[in-house]
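Below: one structure, written as structure tokens.
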Amino acid sequence: MPKLSIIIPCYCNELNIPLTAAELLKNEKAFPADLQFEYVMVDDGSKDNTLAELKKFKAAYSDRVKIIKLSGNFGSYNAVLAGMAHASGDCNVVMAADLQDPPELIIKMYEYWSKGIKLVLANRQEREDGFFYEEPGAYLSPDHPQVCPEKFTGRGI
């Protein structure tokens, strides 16, 4: 019986976790009945009640939920790596805790994986947040000194 591990890095997502958990569980119905699910939730040093919300999710679905608590905020990339190190599924999926990545896409990606494609990536065609929607260069130009490139990543570009 195949197992799908869904790895979710979490940072200050206390309000998102209940919604995300509900959507993930609802989404299970779209998959083959013999597929097992594992949710690897990685708390990346959250300062809010994210961990408490993750523990509620695990308490309700202890057979499917793993919680990894990082000792500090190491960034989503490292949180994903930690999740992968603890995932036990045949197939791994990485998604955002705030539902930026729609769980409904996982079924299509899983279908590709089931056909033998080893790496399946999704790429968002449009963004709704509007930050870089109009003209990205405008935000990085000398005409906008209040917006510094180093503020985008915290480490400089």
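Numbers here are sequence positions counted from 1. All values reported here derive from a predicted model rather than from experimental measurement.
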Nearest-0.5 Å distance, CD1 of residue Ile6 to OH of residue Tyr110:
11.0 Å
Donor-acceptor under 3.5 Å (Asn13 side chain, Tyr11 main chain):
yes
Which heavy-atom pair separates Met41 from Cys10 by the least distance, and what is that distance?
CE-SG, 4.1 Å
Run through Leu99, Val65, Ile8, Leu19 and flag the one making a side-chain contact (heavy atoms from CB on, under 4.5 Å) with Leu24.
Ile8
Check: Met1 main-chain N/O paired with Asp34 side-chain donor or acceptor under 3.5 Å
no
Is there a side-chain contact between Leu4 and Trp113 in this structure, where contact means two heavy atoms from C-beta onward sitting under 4.5 Å apart?
no
Derivation of the side chain to side chain contact (heavy atoms under 4.5 Å, CB included) call for Met84 and Val94
CA-CA 9 Å; Met84 286 182 171; Val94 177; 4.0 Å; yes
Within this structure, what is the CE-CD1 distance for the pair Met109 and Ile107, rounded to the nearest 0.5 Å?
11.5 Å
Taking all non-hydrogen atoms of both residues, which atom of Asn92 and which atom of Ala87 are closest, and how far apart?
OD1-CB, 3.7 Å
Are side-chain heavy atoms of Tyr39 and Leu54 found at a separation under 4.5 Å?
no
Taking everything shown except Lys3 itself, do over 12 heavy atoms lie less than 6.0 Å from its NZ?
yes
To the nearest 0.5 Å, tell me how far Ser5 OG sits from Arg64 CZ.
13.0 Å
Could you tell me whether the side chain of Lys58 and the main chain of Ile67 form a donor-acceptor pair under 3.5 Å?
no
So, for Pro103 and Met95, which heavy atoms are closest and what is the spacing to 0.1 Å?
CG-CE, 3.9 Å
Is there a side-chain contact between Val80 and Val42 in this structure, where contact means two heavy atoms from C-beta onward sitting under 4.5 Å apart?
no
Quick one: do Val93 and Phe37 end up in the same hydrophobic cluster if we chain Ile, Leu, Val, Met, Phe, Trp and Tyr together by side-chain heavy atoms under 4.5 Å apart?
yes
Is Leu25 linked to Ile7 within one hydrophobic cluster, defined over Ile, Leu, Val, Met, Phe, Trp and Tyr using a side-chain heavy-atom separation of less than 4.5 Å?
no
If every non-hydrogen atom of Leu35 is compared with every non-hydrogen atom of Pro2, which pair is closest and at what distance?
CD1-O, 3.4 Å
Give me the atom names and distance for the closest heavy-atom approach of His86 to Glu38.
O-OE2, 4.4 Å
Tell me, do Phe31 and Ile106 make a side-chain contact under 4.5 Å, heavy atoms counted?
yes
Looking only at heavy atoms, the pair that brings Asp44 and Ser76 closest together is OD2-N, 3.8 Å
Using 0.5 Å steps for rounding, measure from the CG atom of Asp48 to the CD atom of Glu53.
9.0 Å
Rounded to the nearest 0.5 angstrom, the NZ-CG distance for Lys56 and Asn49 is 8.0 Å
